[in-house]
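Numbering of ligands and ligand atoms starts at 1, following listing order. Fair warning: this is a prediction, and the values are worked out from it, not measured in the lab.
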Amino acid sequence: MGTYTLIKGNEISAEIYPDIKKRVLNLKAKGITPGLGVILVGDDPASKACVKMKERKCKELGIESVTVKLPMNVTEEYLLQKVDEFNKSTLVHGFLIQLPLPEHINENHIIDAIDPKKDVDCFHPENVGRLFVGNPIFLPATPAGVQQLLVRSNIKTTGKHVVIVGRSNIVGKPMAAIMMQKGIGADSTVTVTHSKTKNLSDITRQADILIVAVGKAHTITADMVKEGATVIDVGINRVSDNDLAYPGCSRLVGDVDFDNVKDKTSAISPVPGGVGPMTICMLMRNTVIAAEHALRNQI
Ligand code: NDP
């Protein structure tokens with residue numbers, strides 16, 4: 001093929017932000033400043049960077065951000081107490097716990113304790129169930145961002161075979177739940193694959209739309225992609241690049257061997273600059289949705 005569309009998350013998220021800003025202003029006019037809470041445990045540099053980015057984006061949009069930083073050795077009991085405080089706070093309308101958590105904390109206990117109406121990551125079982133039955137309060141940020149990339153790039157999904165590589169609770173499973181629903185940007189036939197899938201490339205080659213969330217660079221090579229397919233790369237991997245003039249430098253790559261795959265596709269999202277900016281955008285949108293809910297409950 002050779003001519004493909006580059007699906008740029010920066011440009012597509014920029015189309016969505018004006019609506020979010022408008023909704024923030026509407027809420028403020030009615031006396032509510034949307035608030036996003038973040039609980040960060042430990043000092044993992046990637047998680048810290050991620051939280052900083054969320055704080056910056058909140059500031060840009062006029063959303064209040066409240067970050068609670070806890071040490072790595074925090075007890076589950078204390079963390080649950082902080083979750084309860086956010087559940088009860090009238091200033092924080094939505095909140096999330098930056099994952100991963102240390103091993104001594106049971107992630108499920110923490111997620112179960114979040115008030116589903118404030119669960120802007122959409123991890124609580126009630127919200128996962130709502131997503132599956134097609135009656136969500138929130139859509140999980142990354143899969144929702146992928147759906148927006150497809151819709152806003154005019155990529156038809158109805159009747160298309162969407163193959164998802166990866167079955168995590170954060171990306172793969174909710175992505176499947178979204179694409180199998182009825183409606184715009186969905187109505188797809190969905191196949192979910194994972195590390196135990198046999199003959200993965202036979203399945204990925206059947207994809208009209210291939211969505212990859214594995215966390216390993218170069219998992220998807222050109223021979224695994226059908227000519228003319230759309231490829232969405234969710235993966236974020238930091239690799240050191242010995243070819244660079246500066247040894248020891250590293251760069252971000254996705255799960256797809258972009259350079260060799262791109263010419264086979266009709267459209268492909270890059271890393272960085274593809275799904276990443278959409279995730280944060282959808283998180284901001286969910287925070288506004290949570291604040292709008294709170295306002296409706298006040299009236
Ligand atoms: P997880 O590690 O939770 O899940 C990875 C999935 O990939 C698992 O289901 C695993 O299978 C599957 N897998 C692993 N190896 C293979 C293989 N060789 N072939 C097929 N499937 C395989 O990762 P996440 O879903 O949380 O994240 C995936 C990637 O997406 C990461 O790079 C992460 O950083 C990135 N990410 C990016 C976001 C963004 O905003 N852009 C947001 C969230 C994640 P099994 O279940 O059998 O182990």
Check your understanding: Among V68, V38, V66, which one satisfies side chain to side chain contact (heavy atoms under 4.5 Å, CB included) with V92?
Key ->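 Exactly one option meets the side chain to side chain contact (heavy atoms under 4.5 Å, CB included) with V92, and it is V66.
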Check your understanding: With M224, which of L200, V231, V163 fulfils side chain to side chain contact (heavy atoms under 4.5 Å, CB included)?
Key ->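 For M224, the side chain to side chain contact (heavy atoms under 4.5 Å, CB included) test succeeds with only one of L200, V231, V163, which is L200.
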Practice item. Could you say whether the N/O atoms of T219 and ligand 1 ever approach to under 3.5 Å? Key: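 No; the residue has no nitrogen or oxygen that sits under 3.5 Å from a nitrogen or oxygen of the ligand.
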Check your understanding: Where does the angle between the aromatic ring planes of F258 and Y4 fall among parallel (under 30°), tilted (30 to 60°) and perpendicular (over 60°)?
Key -> perpendicular
Under 4.0 Å from ligand 1, counting heavy atoms only, is it the side chain of [X], its backbone, both or neither?
{"X": "T193", "value": "neither"}
{"X": "I236", "value": "both"}
{"X": "K216", "value": "side chain"}

Practice item. Would you kindly check if the NZ (Lys) or CZ (Arg) of K57 is within the cone defined by 45 degrees around the ring axis of Y17 and under 6.0 Å from the six-membered ring centre? Key: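 K57 over Y17 ring: yes.
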Could you identify the single nearest non-hydrogen protein atom to [atom] and state the distance to 0.1 Å?
{"atom": "atom 46 (O) of ligand 1", "result": "R167 NE, 2.7 Å"}
{"atom": "atom 43 (C) of ligand 1", "result": "V171 CG2, 3.8 Å"}
{"atom": "atom 21 (N) of ligand 1", "result": "H194 C, 3.2 Å"}
{"atom": "atom 2 (O) of ligand 1", "result": "V214 O, 4.2 Å"}
{"atom": "atom 10 (C) of ligand 1", "result": "S195 N, 4.2 Å"}
{"atom": "atom 29 (C) of ligand 1", "result": "G215 N, 3.6 Å"}
{"atom": "atom 26 (O) of ligand 1", "result": "S168 OG, 4.0 Å"}
{"atom": "atom 42 (C) of ligand 1", "result": "T142 OG1, 3.2 Å"}

Exercise for review: Verify the cluster assignment for I203 and L210: are they in a single hydrophobic cluster under the rule of side-chain heavy atoms below 4.5 Å apart?
Suggested key: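 Linked, I203 and L210 end up in one cluster.
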Exercise for review: Verify, without hydrogens or angle tests, whether D233 (side chain) and V256 (backbone) share a donor-acceptor contact under 3.5 angstrom.
Suggested key: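 Indeed, once roles are kept as given, a pair shorter than 3.5 Å links the two residues.
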Point to revise | Derivation of the side chain to side chain donor-acceptor pair (under 3.5 Å) call for H161 and T191 | key: CA-CA 8 Å; H161 188 189; T191 302; 2.7 Å; yes
**Study point:** Over 12 non-hydrogen atoms of neighbours within 6.0 angstrom of CG in N135
**Key:**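 Yes.
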Run the contact test for [X] against ligand 1 with a 4.0 Å cut-off on heavy atoms, strictly below, and give the result.
{"X": "G172", "result": "no"}
{"X": "V234", "result": "yes"}
{"X": "L200", "result": "yes"}

Check your understanding: Is any side-chain heavy atom of F123 closer than 4.5 Å to a side-chain heavy atom of I170?
Key ->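 Yes - at least one pair of side-chain heavy atoms lies under 4.5 Å apart.
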Exercise for review: For side chain to side chain contact (heavy atoms under 4.5 Å, CB included), just list the numbers for V225 and R205, CA-CA rounded to whole Å, side-chain angles, deciding distance to a tenth of an Å, and then say yes or no.
Suggested key: CA-CA 5 Å; V225 177; R205 270 196 298 270; over 6 Å; no
Point to revise | Steps toward side chain to side chain donor-acceptor pair (under 3.5 Å) verdict (Q298, K30) | key: CA-CA 11 Å; Q298 261 182 26; K30 290 172 181 143; over 6 Å; no
Report, in ascending order of atom number, the atoms of ligand 1 lying under 4.0 Å from any heavy atom of [X].
{"X": "G235", "value": "29 (C), 30 (O), 32 (O), 35 (C)"}
{"X": "T279", "value": "39 (C), 40 (O)"}
{"X": "V165", "value": "20 (C), 21 (N)"}

